[in-house]
Amino acid sequence: MSQTNKLKIFNDPIYGFITIPNELVFDLIQHPYFQRLRRITQMGLSYLVYPGANHTRFHHALGAMHLMQKAVEVLRFKEILISKEEETALYVAILLHDIGHGPFSHAMEQSIVENVHHEEISLLFMNQLNRAFDGKLSLAIQIFKGEYNRKFMLQLISSQLDMDRMDYLKRDSFYSGVAEGNINSDRLIQMLHVVDDVLVMEEKAIYSIEKFLMARRLMYWQAYLHKTSLVAELILTRTLKRAKELTQKGMVLACSEPLQFFLQNKVDFADFDAIILDKFAQLDDFDIVSALKAWQYHPDFILSSLSKMIINRDLLKIKVSNEKFDKEEIKLYKQKLLEYYPISLAETDYFVFKGKIKTLGYNKVIEPIQILKKDKTVEDVVESSDQLNSRAFSKPVTKYYSCFPKVLIEK
């Protein structure tokens, strides 16, 4: 019987060749839970704004693992001891860090499952895989949960300058064409070091860190929170909520069996057992798009209208402002909408609503980026940087939005 060669190479448009480091990583990539990520877009509905942004979470997970390989190489060169087991655990943890994402990413966390964060589901998947792989993921899970005694390992996976962020900024910038998001991940990784088991950056990296933080801020406003992407995601969330509402009233909607299950049942974190996790693993973007295509012809006016908006990219009007929107204006829009749409006043919430979005460039409170100075002392990047010293950079930015049908301003 021929032996499968598991040390494969992926050709990546950003980094060139990505190598699979060992057989365990290969087997994890081959698992249906991980293959599902090929069918989940990395940037949700952003392709409605940037047509190239069709890359998947599968791409991103492999890219983040590739950067982790580089980081391990750099740290070992600087005589930081990383055992073979720790190395594999780092690759596994970064590879699986996003495995819990649902279709179109964050829209699902609000509508299909009840307030379950994707990181919690990622951990459930990891535990399930650990059972299937005879405990070989135990150390990776320990690191992922922050329970391992070497803090820098968690920081490589989840911090303000981790391999996850380095890959998604570079990748999302590349595929969307938003050049402002491009970063020099090679230089940032070359500057990594560890002091007392805490991740630090060499002082020479200061300008690259400033560029990285600026790129992240720009990507948020120009891509992730672009007003068209935002309104599309808000519409999708409302479409799924309406579908769930109708299903709970006893209506059977045309959709895949796994989606049907989540529409019929109220599922929160406590409910997730192996069976429900397996049902969740069968959901991807294709279930949602397929359902929307069917629902656009449904007799329910709200469900069909919202579905058509996404399928035909004929979205609600969205206004974004630095000031809060007047409640009276929203009330007026709702009243006016009753003249055009065959719905009740309560149902106008599906079409007229307001809210806020918030981003934080650099958070020095949670876990600062530490700079290793030439005299071997360590300080917060804010102290070392002229740019970051200005409060504007680390101050949260809040913007407000209101959404309503175009018919209200066209008539």
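- Scanning for side chain to side chain donor-acceptor pair (under 3.5 Å) contacts around Lys244 gives Glu114, with sequence neighbours left out.
- Distance CG/Asp380 to CD1/Ile369: 8.5 Å, rounded to 0.5 Å.
- Taking both residues in full, the closest heavy atoms of Ala232 and Ile310 are given as O-CD1, 4.1 Å, listed atom of the first, atom of the second, then distance.
- Atom CZ of Phe286 is surrounded by 12 or fewer heavy atoms from other residues, nucleotides or ligands within 6.0 Å.
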Ignoring hydrogens and angles, write down the donor-acceptor pairs under 3.5 Å from the side chains of residues 162-171, residues two or more places apart or on other chains.
from   : atom 1 : to     : atom 2 : distance (Å)
Asp162 : OD1    : Asp164 : N      : 3.2
Asp162 : OD1    : Arg165 : N      : 2.6
Asp162 : OD2    : Ser159 : N      : 2.8
Asp164 : OD1    : His60  : NE2    : 2.8
Asp164 : OD1    : His97  : NE2    : 3.0
Arg165 : NE     : Ser159 : O      : 3.4
Asp167 : OD1    : Tyr15  : OH     : 2.6
Asp167 : OD1    : Arg171 : NE     : 3.3
Asp167 : OD1    : Arg171 : NH2    : 3.2
Asp167 : OD2    : His60  : ND1    : 2.8
Asp167 : OD2    : Arg171 : NE     : 3.0
Tyr168 : OH     : Arg216 : NE     : 3.3
Lys170 : NZ     : Asn182 : OD1    : 3.3
Lys170 : NZ     : Ile183 : O      : 2.9
Arg171 : NH1    : Asp12  : OD1    : 3.0
Arg171 : NH2    : Asp12  : OD1    : 3.2
Arg171 : NH2    : Asp12  : OD2    : 3.3

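- Qualifying side chain to side chain donor-acceptor pair (under 3.5 Å) partners for Lys317, counting only residues two or more places apart in sequence or in other chains: none.
- Checking Asn22 against Tyr91 by side-chain atom types alone, no donor-acceptor pair falls below 3.5 Å.
- Residues passing the side-chain contact (heavy atoms from CB on, under 4.5 Å) test with Thr56 are Phe58, His59, sequence neighbours excluded.
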(message) Under the criterion side-chain contact (heavy atoms from CB on, under 4.5 Å), I'd like the reasoning laid out for Thr348 against Leu345: C-alpha separation, chi angles, the key distance, then a yes or no.
(response) CA-CA 5 Å; Thr348 56; Leu345 184 59; 4.2 Å; yes
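- Heavy-atom minimum distance, Ile330 versus Ser402: CD1-CB, 3.9 Å.
- Each salt bridge (Lys or Arg N to Asp or Glu O under 4.0 Å) pair with one or both residues in residues 178-189, not counting sequence neighbours, would appear here, but there are none.
- To the nearest 0.5 angstrom, Phe10 atom CZ is 10.5 Å from Thr19 atom OG1.
- Annotation for Phe280 and Gly100: closest pair CE2-O, 3.5 Å, computed over non-hydrogen atoms.
- Scanning both residues, Leu316 and Ile235, for their nearest heavy atoms gives N-CD1, 3.6 Å.
- With sequence neighbours left out, the side chain to side chain donor-acceptor pair (under 3.5 Å) criterion links Asp300 to Arg242.
- Summarising the geometry, atom CG belonging to Asn54 is positioned 10.0 Å from atom OG belonging to Ser46; distances are rounded to the nearest 0.5 Å.
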(message) As a quick check of understanding, evaluate side-chain contact (heavy atoms from CB on, under 4.5 Å) for Arg36 and Ile40, giving each step before the final call.
(response) CA-CA 7 Å; Arg36 161 183 168 270; Ile40 293 183; 3.4 Å; yes
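- Between atom CZ of residue Arg57 and atom CG of residue Asp285 there is a gap of 9.5 Å, rounded to the nearest 0.5 Å.
- For residues 121-148, the ring pair (Phe, Tyr, Trp, His ring centres under 6.0 Å) pairs, not counting sequence neighbours, are Tyr33-Phe125.
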(message) Please determine whether side-chain hydrogen bond (donor to acceptor under 3.5 Å, both in side chains) holds for the pair Ser208 and Asn184, giving the CA-CA distance in whole Å, both sets of side-chain angles, and the decisive distance to 0.1 Å.
(response) CA-CA 7 Å; Ser208 302; Asn184 189 345; 5.5 Å; no
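- Note on residues 58-72: no pairs pass salt bridge (Lys or Arg N to Asp or Glu O under 4.0 Å), not counting sequence neighbours.
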Listing, residues 349-357 side-chain donor-acceptor contacts under 3.5 Å, not counting sequence neighbours, or none:
from   : atom 1 : to     : atom 2 : distance (Å)
Asp349 : OD1    : Lys334 : NZ     : 2.3
Tyr350 : OH     : Glu245 : OE1    : 2.6

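- Applying the side-chain contact (heavy atoms from CB on, under 4.5 Å) test between Met65 and each of Leu90, Val92, Leu95, Leu28 identifies Leu95 as the sole match.
- The pair Lys373-Glu383 does not count as a salt bridge, with every side-chain nitrogen at least 4.0 angstrom from each carboxylate oxygen.
- Around the CD atom of Glu73, the shell of radius 6.0 Å holds no more than 12 heavy atoms that belong to other residues, nucleotides or ligands.
- With Thr237 contributing its side chain and Glu233 its backbone, the two residues share a donor-acceptor pair below 3.5 Å.
- Considering only residues two or more places apart in sequence or on other chains, Tyr333 meets the ring-ring contact (aromatic ring centres under 6.0 Å, His included) condition with Phe404.
- The environment of Glu147 atom CD is dense: over 12 non-hydrogen atoms of other residues, nucleotides or ligands sit within 6.0 angstrom.
- The shortest side-chain heavy-atom distance between Pro405 and Leu337 falls under the 4.5 Å cut-off.
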(request) Evaluate the criterion salt bridge (charged side-chain N to carboxylate O under 4.0 Å, His left out) for residue pair Lys406 and Asp314; output intermediate values, then yes/no. (result) CA-CA 9 Å; Lys406 293 170 185 158; Asp314 187 9; 3.3 Å; yes
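- More than 12 heavy atoms of other residues, nucleotides or ligands sit less than 6.0 Å from atom NZ of Lys78.
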(request) List the steps and the verdict of side-chain contact (heavy atoms from CB on, under 4.5 Å) for Val397 and Tyr220. (result) CA-CA 11 Å; Val397 176; Tyr220 264 90; over 6 Å; no
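- Here Thr398 contributes atom OG1 and Lys324 contributes atom NZ; the two are 9.5 Å apart, rounded to the nearest 0.5 Å.
- Residue-environment remark: CG (Asn149) exceeds the threshold of 12 foreign heavy atoms within 6.0 Å.
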(request) Could you please spell out the steps behind the side-chain contact (heavy atoms from CB on, under 4.5 Å) verdict for Leu96 and Leu137? (result) CA-CA 10 Å; Leu96 303 179; Leu137 280 66; 3.7 Å; yes
Quiz: residues 257-267 side-chain donor-acceptor pairs under 3.5 angstrom, not counting sequence neighbours:
from   : atom 1 : to     : atom 2 : distance (Å)
Glu257 : OE2    : Lys279 : NZ     : 3.2
Gln260 : NE2    : Leu253 : O      : 3.1
Asn265 : ND2    : Phe261 : O      : 2.8

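- Partners of His193 by ring-ring contact (aromatic ring centres under 6.0 Å, His included), not counting sequence neighbours: none found.
- Between Lys151 and Asp197 there is no salt bridge, since no side-chain N of the basic residue sits under 4.0 Å from a carboxylate O of the acidic one.
- When all heavy atoms of Arg150 and Ile80 are compared, the pair lying nearest together is NH2-CG2, 4.1 Å.
- Separation of atoms CZ (Phe104) and OG1 (Thr41) is listed at 5.0 Å; rounding is to 0.5 Å.
- The heavy-atom pair separating Gln222 from Tyr50 by the smallest distance is O-OH, 2.6 Å.
- A donor-acceptor pair under 3.5 Å is absent between the side-chain atoms of Gln335 and the main chain of Lys331, judged by distance alone.
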